[in-house]
Amino acid sequence: MHVGNLRTALYAYLLARSQGGTFVLRIEDTDQARHIEGALEVIYATLRQAGLRHDEGPDVGGACGPYVQSQRTAIYRTHALELVRRGAAYHCFCDKVERDDDPAPAGGYDGRCRHLDPAAVAADLAAGRPHVVRQKIDREGVTTFTDLVFGEITVENKVLDDQILLKRDGMPTYNFANVVDDHLMGITHVVRGSEYLSSTPKYNLLYQAFGWPVPLYVHLPLIMGKNPDGTVAKLSKRHGSVSFESLLAEGYLPEAVVNYIALLGWSPKNDRELFTLDELAAAFGVAGLNKAPAVFDFDKLRWMNSEYVKALPPAEFAARARPFGGITSPHLAACWDRLVAPLLHPRVEVLGDIPEMIAFLAALPDYPVEFFHHKKTKCDPARARAILADLGPLCHRHGEWTAPALGAVVQDYAAARGLKLGLPMWALRIAVSGRLVTPGGPPEIMEILGRDESLRRIDHALAMLAAHPTA
RNA sequence: GACCCGUUCGUCUAGUGGCCUAGGACUUCGGCCUUUCACGCCGGCAACACGGGUUCGACUCCCGUACGGGUCGCCA
């Protein structure tokens, strides 16, 4: 599910919750050619993971079912024919125009079937001639509707074409099914993306033709993505992971994603940014909705995710992070909760970063002797060599192999030699991790590595330093 | 191309005629802290698209221009 769709669902949910309303899930599957196996399950899973519980829907029932449009075709047919009877729609026998010519052809359907001889229409219908049902829109006058976000919008009817209501295969179009279902299901607020703004006048005409009250419209600003060249366009796959599933797979927390997208196009009107779903529902209001398109910023999502990660209780972080760890050794698996996760917890922004952060634990990476040069601690290969030569045996002799004990060994050593702690720590870090940056310090890493592996790595460093005495 | 909509720091936004020397957050850049990195803390850079009005006074109201976006499907 695209995050844009999720955000629309989220706002609809928040609006319903904040007003004591009902959140209805309706499946709009009227395009048989685009049916995708498993798509419905993705919708259910996304809604569940995002915490958006619907009050009515295909799986939970309700008074207005069925909630799957492909199961309501008889309803749409009846209503389309009612419109024909009222003179607001008509049968059209024109050939289907394929839409694959590149520059979109100017001007739509010309309405040529409006004035077909009724007897001929009846005969063609009886003969089973393929047809569609079109909405009849007068060329004269204007149509005005009010949107809660964009205000009053007026368009000339002549720019509206006779849109199709019922397709050749008997299925309704999205626009028609929506009007019928929204009315029949008692929908009060139509919350959707602003790309639907320009088709809304036709909705009003349909409601008028039926003699139904018009619902309230809440059109949302679009979510945009930034292109490599700096321009922006409707957020799509080319901009990265834009489906809820892929974001979760990369290690973003569902709560963080929901919080982030809530703020894309809506503002609580104050400086607050971190909200739980319930808090969002309490703060939500259409007055906070913006009109201008919003650019999806992965940097900010990343930051927000890190806030959620840090707020997790230690045990829960360990559990959620575990599947992302890429754990291959039984040893790491065994000490994950107690030793590894605590190191990662304050440093991880996105769970998917973990494998790269701890790869050095499973295997010492190749590293250049230059790593022992460190300005701030005044470390260099010669000093590192001397320090490691001292520290190796000292650690080896020490009975207890825990981070606090090892830390004390290094501290005592530094104190005895009048060294600042950072110097031996740096030499040790490079030796046991082979990396400039590690989650946690040398004592913590050494505890995880264990006595044998730690000493093996120190020996390896010593050998390397001996081979490059002047590096 | 036609129609509709939009335009405050790079990004998300606050601001509804004087409270604005335009606030917050992300990013970025400094500094502090520190056993690296990170976290945390402190601080800096950075915006009202432009031009006309209206008004004592405009980021806020009106008009135009520019730019951006959306729609123009027997897709949703």
Side-chain angles (χ1 to χ4, degrees), chain A residues 5 28-31 33-34 92 94-100 103-109 130-134 147 150-151 153-156 158-161 163-175 177-178 192-201 219 221-222 224 226 230-234 260 263-274 288 290-304 306 310 343-349 357 374 376-377 407 410-411 414 420-426 428-430 433 435-444:
Chain A
N5 296 138
E28 315 204 314
D29 59 345
T30 55
D31 185 352
R34 291 210 310 170
C92 168
C94 292
D95 287 335
K96 188 172 180 177
V97 288
E98 296 301 339
R99 181 196 151 94
D100 45 13
Y109 175 71
H131 64 279
V132 298
V133 173
R134 285 182 185 272
D147 180 85
F150 289 88
I153 294 175
T154 299
V155 301
E156 295 186 81
K158 67 182 176 203
V159 307
L160 271 20
D161 50 48
Q163 69 171 341
I164 289 174
L165 269 20
L166 232 43
K167 299 186 273 191
R168 186 160 300 219
D169 63 5
M171 281 288 185
T173 54
Y174 163 80
N175 290 134
N178 252 269
R192 37 150 49 165
S194 66
E195 66 265 36
Y196 295 111
L197 226 30
S198 49
S199 55
T200 306
H219 283 93
L222 260 20
M224 315 294 281
K226 187 169 261 171
T231 59
V232 297
K234 216 163 146 183
Y260 177 70
L263 263 20
L264 269 186
W266 173 80
S267 161
K269 302 269 182 198
N270 56 41
D271 293 339
R272 183 162 179 200
E273 298 199 292
L274 267 16
N290 284 316
K291 300 179 171 110
V295 177
F296 192 96
D297 183 1
F298 284 92
D299 280 336
K300 186 146 189 178
L301 203 214
R302 182 168 258 280
W303 165 78
M304 189 167 281
S306 76
K310 277 178 283 195
L343 255 34
L344 260 11
H345 197 175
R347 297 171 172 80
V348 170
E349 289 188 312
M357 293 172 77
H374 186 59
K376 201 171 160 193
T377 57
V410 181
Q411 262 174 18
K420 291 194 59 170
L421 186 57
L423 175 55
M425 283 294 188
W426 183 263
L428 217 40
R429 172 194 314 287
I430 301 301
S433 74
R435 296 198 16 179
L436 264 9
V437 175
T438 61
E444 290 77 19

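Order of the sequence lines fixes the chain letters, A, B, ..., with proteins taken first and strands second; residue numbering starts at 1 for each chain. The shown structure was predicted, so the numbers you read here are calculated from the model rather than taken from an experiment.
B:rA14 is unpaired under the Watson-Crick or G-U wobble criterion, no partner having all donor-acceptor distances under 3.5 Å. Across all strands shown, B:rU21 forms no Watson-Crick or G-U wobble pair with both distances under 3.5 Å. Using N1 to N3 plus N6-O4 or O6-N4 for Watson-Crick, or N1-O2 and O6-N3 for G-U wobble, each under 3.5 Å, B:rC41 pairs with B:rG31. For B:rG51, the paired nucleotide is B:rC63, the pair qualifying as Watson-Crick or G-U wobble because both relevant distances are below 3.5 Å. Look at B:rC3: its Watson-Crick or wobble partner, with both distances under 3.5 angstrom, is B:rG70.
Taking atom C1' in both B:rA14 and B:rA25, the straight-line distance is 11 Å, to the nearest Å. Rounded to the nearest Å, the gap between the C1' atom of B:rA47 and that of B:rU7 is 12 Å.
Between the side chain of A:Thr173 and the backbone N or O of A:Ile164 there is at least one donor-acceptor pair closer than 3.5 Å. Remark: side-chain polar atoms of A:Asn270 are paired, donor with acceptor, to backbone N or O of A:Arg272 under 3.5 angstrom. Here the side chain of A:Lys96 pairs no donor or acceptor atom with the backbone of A:Arg168 at under 3.5 angstrom. With hydrogens and angles disregarded, no donor-acceptor distance shorter than 3.5 Å links the side chain of A:Asp161 to the backbone of A:Tyr109.
A salt bridge links A:Glu273 to A:Lys300: one of the charged nitrogens lies within less than 4.0 Å of a carboxylate oxygen.
Listed nucleotides: B:rA76, B:rU71, B:rA14. Nearest to the side chain of A:Ser267: B:rA14. The side chain of A:Val155 sits closest to B:rC4 out of B:rG6, B:rU36, B:rC4. The side chain of A:Asp161 lies closest to B:rC72, out of B:rC72, B:rC75, B:rG69. Ranking B:rG68, B:rC12, B:rU35 by closeness to the A:Pro442 side chain, first place goes to B:rU35.
Taking atom CD on A:Glu444 and atom P on B:rU35, their separation rounds to 12 Å, with Å as the unit. Rounded to an integer number of Å, the gap from CG of A:Leu344 to C1' of B:rC39 is 14 Å. When rounded to the nearest whole Å, the span between CE of A:Met357 and C1' of B:rA38 equals 8 Å. If you measure from atom CG of A:Leu160 to atom C1' of B:rU71, you get 11 Å, rounded to the nearest angstrom. The distance from atom CG of A:Leu436 to atom P of B:rA38 is 12 Å, rounded to the nearest whole Å. Atom pair A:Tyr196:OH and B:rC3:C1' shows a separation of 19 Å (rounding to whole Å applied). Spacing between atom CZ of A:Arg302 and atom C1' of B:rC39 amounts to 15 Å, rounded to whole angstrom units. Here the P atom of nucleotide B:rG15 and the NZ atom of A:Lys291 are 12 Å apart, to the nearest Å.
Residue A:Val159 is the one, among A:Val159 and A:His374, whose nearest nucleotide of RNA chain B lies closer to the 5' end (criterion: closest heavy atom).
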Would you mind building the protein contact string for nucleotides 24-33 of chain B? One character per nucleotide, 5' to 3', B for base within reach (heavy atoms under 4.0 Å), S for sugar-phosphate only, - for untouched. BBS-------
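Contact detail for A:Ala177 and A:Pro172: the closest heavy-atom pair is CB-CG, 3.8 Å.
For A:Lys158, the salt bridge (Lys or Arg N to Asp or Glu O under 4.0 Å) partners two or more places apart in sequence, or in a different chain, are A:Glu156.
With hydrogens and angles ignored, no donor-acceptor pair under 3.5 angstrom links the side chain of A:Arg347 to the base of B:rC39.
In summary, the aromatic rings of A:Phe298 and A:Tyr260 are positioned with their centroids too far apart to meet the 6.0 Å limit.
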